[in-house]
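Numbering of ligands and ligand atoms starts at 1, following listing order. Heads up: numbering here begins at 1 and tracks the sequence.
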Amino acid sequence: MTQTTARDEHVEHELEAGFDAVLARHDRIEPRDWMPEGYRKTLVRQVAQHAHSEIIGMQPEGNWLTRAPSLRRKAILLAKVQDEAGHGLYLYSAAETLGASRADLTEKLISGAQKYSSIFNYPTLSYADVGTIGWLVDGAAICNQVPLCRTSYGPYGRAMIRICKEESFHQRQGYELLMTMMRGTPEQREMVQESVNRFWWPALMMFGPPDDESPNTAQSMAWGIKRDTNDELRQKFVDMSVPQAQRLGVTFPDPELRWNAERGHHDFGQPDWEEFAAVVRGEGPCNAQRLAHRRRAHEEGAWVREAASAFARRQASEVRA
Ligand code: BYC
């Protein structure tokens, strides 16, 4: 071994020990700190997928903007969909602090090279779906994202704090919408139940595959990127949703769902994991439509990006002059 290699190895060990010490005291890793390449890559993967989900997630609900039943509902929905765009932007910024480029991430999304959440590949067939997405999809998102406020990477954790505050408004508006429909006509109550039946299983899939089939969980937990496993969060979500469903007056389409006093949790059935795998592979009911729509919006927005870049260049040259 040459002297330089030995010295390099020593430095690498010291850096790694420093990184481990930060994780051990549950402190944050910041962009300029040393980090293992695998940690950086895992974060770029998760944060980018998360950002893409927020952006693609605007589409199912955006579908109902022009057909909202009242001005009040339209204003609420518009605010929510705009919030999702903001969440995407916070998250793309967090990914940029890891050396990723926003243009490259967008390219990877529209070419299908990077994933986004399976849930947004299901259609929204009635206005009740706006309420169900708020209640169950944003509810699942809150379950998953509140622990991410304590993730080990600083910019991601700080973005999550803002996002979670807005998600809790999203969940409430959904629950309130469903509550209003449940106080309405029998047809409206039926519409809510039908919507809940369609979204329950896809909502459970949002937490990812079961722990024993999740290739990333163990390492992501060791690095403090994830704070809970997929199954732990899924259980938490079921326990949280059951009393809310009872209050609302709807049921979940799961004959195995029941309280287990011994465990202090609800037992529940498994989603169709083959359907999940197909949706993640791009074969869900709306995958092609979601990506085509995003690709078109990106192409049609080219002039905005060019104008903004030209403006930035002109401002920079004025400052230099
Ligand atoms: N959909 O080893 P695993 C929102 C992939 S936005 C698609 O367990 P990990 C909202 C996974 O990527 C909701 N793919 O992975 C927005 C991995 O594939 P790769 C988005 C999934 O990362 C607008 C493979 O399966 N939330 O709520 O340890 C309106 C194996 O999985 C899914 C986030 O992104 C899925 N559901 O754990 C309303 C939260 N699940 O990459 C609402 C942040 C798994 O190895 N992300 N895969 O090829 C996370 O917490 C974690 O990434 C996950 C997965 C729990 C999702």
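- At a heavy-atom distance under 4.0 Å, no atom of V279 approaches ligand 1.
- When the heavy-atom distances from atom 4 (C) of ligand 1 to Y156, F120, F207, F276 are ranked, the shortest goes to F120.
- Atom 29 (C) of ligand 1 has its closest protein heavy atom at E84 OE2, 3.1 Å.
- Of the N and O atoms on the side chains of H170 and E84, at least one donor lies less than 3.5 Å from an acceptor on the other residue.
- The protein non-hydrogen atom at the shortest distance from atom 48 (O) of ligand 1 is K115 NZ, 2.4 Å.
- Under the 4.0 Å distance rule, the nearest protein heavy atom to atom 53 (C) of ligand 1 falls outside the cut-off.
- No hydrogens or angles considered: nothing links the side chains of Y122 and D129 as a donor-acceptor pair under 3.5 Å.
- Residue R45 touches ligand 1 through its side chain alone, judged by heavy-atom distances below 4.0 Å.
- By the criterion of a heavy-atom distance under 4.0 Å, neither the backbone nor the side chain of I119 is placed next to ligand 1.
- Protein heavy atom nearest atom 50 (O) of ligand 1, with residue, atom name and distance: N144 ND2, 3.0 Å.
- The nearest protein atom to atom 6 (S) of ligand 1, hydrogens excluded, is given as S53 CB, 3.7 Å; this is a heavy-atom distance.
- Between D239 and H265, the side chains place a donor N or O and an acceptor N or O closer than 3.5 Å (distance only, hydrogens not considered).
- The shortest side-chain heavy-atom distance between Y127 and L77 falls under the 4.5 Å cut-off.
- Distances from atom 2 (O) of ligand 1 to the heavy atoms of N216, D231, L233 put N216 nearest.
- Two residues are said to be in side-chain contact when any heavy atoms from C-beta on lie closer than 4.5 Å; M35 and F19 meet this criterion.
- One option in K80, Q46, K226, R227 has a heavy atom closer to atom 9 (P) of ligand 1 than any other, and that option is K226.
- Side-chain contact of N287 with E283: a donor-acceptor pair under 3.5 Å is absent, judged by distance alone.
- Nearest non-hydrogen protein atom to atom 12 (O) of ligand 1 is Q49 OE1, 2.9 Å.
- In this structure, the ring of W201 has its center no less than 6.0 angstrom from the ring center of F207.
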